[in-house]
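Structure, as structure tokens:
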Amino acid sequence: MGIINLLFHENFSLATHNTLGLDIRARYFCSAENLQDLSEVLAFARDGKLEILVLGGGSNVVFSGDFDGLVLRIDFQGMEFDDQKVVVGAGVNWHRLVQHSLERELFGLENLSLIPGLAGAAPIQNIGAYGQELDGVFVALAATDLSTGEELVLTRSDCHFGYRNSIFKGELKDRVAITQITLQLSSDFLPILEYQELVNELERRKIDLPTALDISDAVVAIRKHKLPDPSVVGNAGSFYKNPELSSQTLANLRHSCPNVPSHKTEQGLHKVPAAWLIEQAGMKGESVGDALVSTQHALVIVNKGNARCHDVLALAAKIEQQVQSQFGVLLEMEPVLY
Ligand code: EPU
């Protein structure tokens, strides 16, 4: 290995690097701003036989305890617009990208306004909100293989996107660091107004023909009103995916529970709001230690201050058991658990 430029912090607190605010420690922590940094990091990890955990904004991770390896924060910056395409460094704040695109009158991200986290993390869970998903604008990404250092390019089809899912939660989990994403935006604006809540908000604002900026502003207002702000109270957004049930399972559920809301997916399954199941199971406001099922939105677990990993996991186990025994539905965690 050549000269080491990077700072490798030892026994480093990750409290400000995960939005749930869990005060856990990494054996080593460092940030990489470019490929040169990244190759130093890989060499350091190889020499020390350290496992690497790649972290973006830490807004979609839950830790089960301290991490006895190297936590790597990806801090690649830069947004290069070329006609209707944009190439974005993985460390760029997601909402900043949305705002920049809107300023340039490039559309396709407006419904994804105010999602916490960094651009490079967006493909991992195929972020989605208010009828828009990342894969609708996604072209390709650049990544580095953590064990070989090889630089890879993955196209949209390589990423196996699904509902809050991708190859990075499966086959490639913990095997690559995403360094850059490329999106295809559009200068033609096609409003996506599938969500009644969004339509209602625009009506409330007396907007008949919304611009992309109007949609973005409305989404920001809804999110601020509905979801606890991670910079005020620790949380990792939706803690569970909305379960997708077969027609038969939904029919069985409707038998005992006729008013369960559902929404048909393109695959012919029925998405049922996990928040509704959790609330009906009486878990809204339930807590273990300082981990609490948000009284604002039942799908969010918040940290009242000093929640420990096992509080969060014990609360999650309680929710899952209660929903399973009352409705026979298995909830699947949405953030990545380490
Ligand atoms: N509901 C309750 N109790 C609550 C909150 C909601 O019963 O405390 C019920 C209501 O019936 C409501 C339904 O749940 O109509 C759905 O709630 P909401 O519209 O808030 O959406 P969600 O399904 O809970 C999903 C995404 C969010 C995204 C919104 C808007 C998932 C796992 N979550 O939430 O994404 O912002 O739709 O598109 O798909 C995230 O992934 O972190 C996230 C916040």
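As the structure is a computational prediction, the values presented were derived from the model and not from experiment. Order of appearance sets the numbers: ligands from 1, and atoms from 1 within every ligand.
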Exercise. If you count the atoms of ligand 1 from 1 in the order shown, which ones are under 4.0 Å from a heavy atom of Ala275?
Worked result: 1 (N), 2 (C), 3 (N), 4 (C), 5 (C), 6 (C), 7 (O), 14 (O)
Exercise. Will you find, in the side chains of Asp174 and Tyr338, an N or O donor that is under 3.5 Å from an N or O acceptor?
Worked result: yes
For this session: State whether any protein heavy atom lies less than 4.0 Å from atom 10 (C) of ligand 1.
Result: no
Exercise. Which class fits the ring pair Phe327 and Trp276: parallel under 30°, tilted 30 to 60°, perpendicular over 60°?
Worked result: tilted
Problem set entry | Which of the ligand 1 atoms, numbered from 1, are nearer than 4.0 Å to a heavy atom of Tyr163 | 31 (C), 32 (C), 39 (O)
Exercise. Going by the order shown, which atoms of ligand 1 are within less than 4.0 Å of some heavy atom of Glu197?
Worked result: 19 (O)
For this session: Specify whether Phe29 and His9 have parallel, tilted or perpendicular ring planes, treating 30° as the upper limit for parallel and 60° as the lower limit for perpendicular.
Result: tilted
For this session: Kindly indicate whether atom 44 (C) of ligand 1 is approached by any protein heavy atom to under 4.0 angstrom.
Result: yes
For this session: Find all atoms of ligand 1 within a distance of less than 4.0 Å from any non-hydrogen atom belonging to Ala129, and give their numbers and elements.
Result: 36 (O), 38 (O)
Exercise. Between the candidates Glu279, Gln296, Arg223, which shows the shortest non-hydrogen contact distance to atom 4 (C) of ligand 1?
Worked result: Glu279
Exercise. Can you check whether a protein heavy atom sits less than 4.0 angstrom from atom 15 (O) of ligand 1?
Worked result: no
For this session: For atom 25 (C) of ligand 1, grab the closest protein heavy atom and report residue, atom and distance to one decimal in Å.
Result: Asn242 ND2, 4.2 Å
For this session: Please check if any side-chain donor atom of Ser59 sits under 3.5 Å from a side-chain acceptor atom of Thr19, or the reverse.
Result: no
Problem set entry | Subset of ligand 1 atoms that lie under 4.0 Å from at least one heavy atom of Tyr195 | 38 (O)
Problem set entry | Identity of the nearest option to atom 5 (C) of ligand 1, non-hydrogen atoms only, from His263, His297, Glu332 | His297
For this session: Compare Gln196, Glu334, Glu194, Arg164 and give the one whose heavy atom is closest to atom 28 (C) of ligand 1.
Result: Arg164
For this session: May I ask you to decide whether Glu332 forms a salt bridge with Arg164, counting only side-chain N to carboxylate O separations under 4.0 Å?
Result: no
Exercise. Is there a nitrogen or oxygen of Gly237 sitting under 3.5 Å from a nitrogen or oxygen of ligand 1?
Worked result: no
Exercise. Are a donor atom and an acceptor atom from the side chains of Asp158 and Thr155 found within less than 3.5 Å of each other?
Worked result: yes
Problem set entry | Check: Lys284 N/O within less than 3.5 Å of ligand 1 N/O | yes
Exercise. Salt bridge between Glu334 and Lys241, side-chain N to carboxylate O under 4.0 Å?
Worked result: no
Exercise. Atom 38 (O) of ligand 1: which protein heavy atom is closest, and how many Å away?
Worked result: Tyr130 N, 2.8 Å
Problem set entry | Ring geometry between Phe81 and His100 (parallel below 30°, tilted from 30 to 60°, perpendicular above 60°) | parallel
For this session: State whether a side-chain donor-acceptor pair under 3.5 Å links Ser13 with Asp23.
Result: yes
Exercise. Could Arg27 and Asp68 be called an ion pair, given the rule that one side-chain N must be under 4.0 Å from one carboxylate O?
Worked result: yes
For this session: Could you find the nearest protein heavy atom to atom 7 (O) of ligand 1 and give me its residue, atom name and distance?
Result: Trp276 CA, 3.2 Å
For this session: Mark up the atoms of ligand 1 that fall under 4.0 Å of a heavy atom belonging to Lys226, in ascending order.
Result: 18 (P), 19 (O), 20 (O)
Exercise. Which of the atoms of ligand 1 are close to Pro273, meaning less than 4.0 Å from one of its heavy atoms?
Worked result: 13 (C), 14 (O), 16 (C)
For this session: Tell me which protein heavy atom sits closest to atom 33 (N) of ligand 1, plus the residue, atom name and distance to 0.1 Å.
Result: Ser238 OG, 3.0 Å
For this session: Would you kindly say whether Glu320 and Tyr240 are connected by a side-chain donor-acceptor distance under 3.5 Å?
Result: yes
Seminar exercise, completed: Here the atoms of ligand 1 under 4.0 Å from any heavy atom belonging to Ala298 are 4 (C), 8 (O)
Exercise. Between Glu286 and Lys318, is there a side-chain N and carboxylate O pair less than 4.0 Å apart?
Worked result: yes
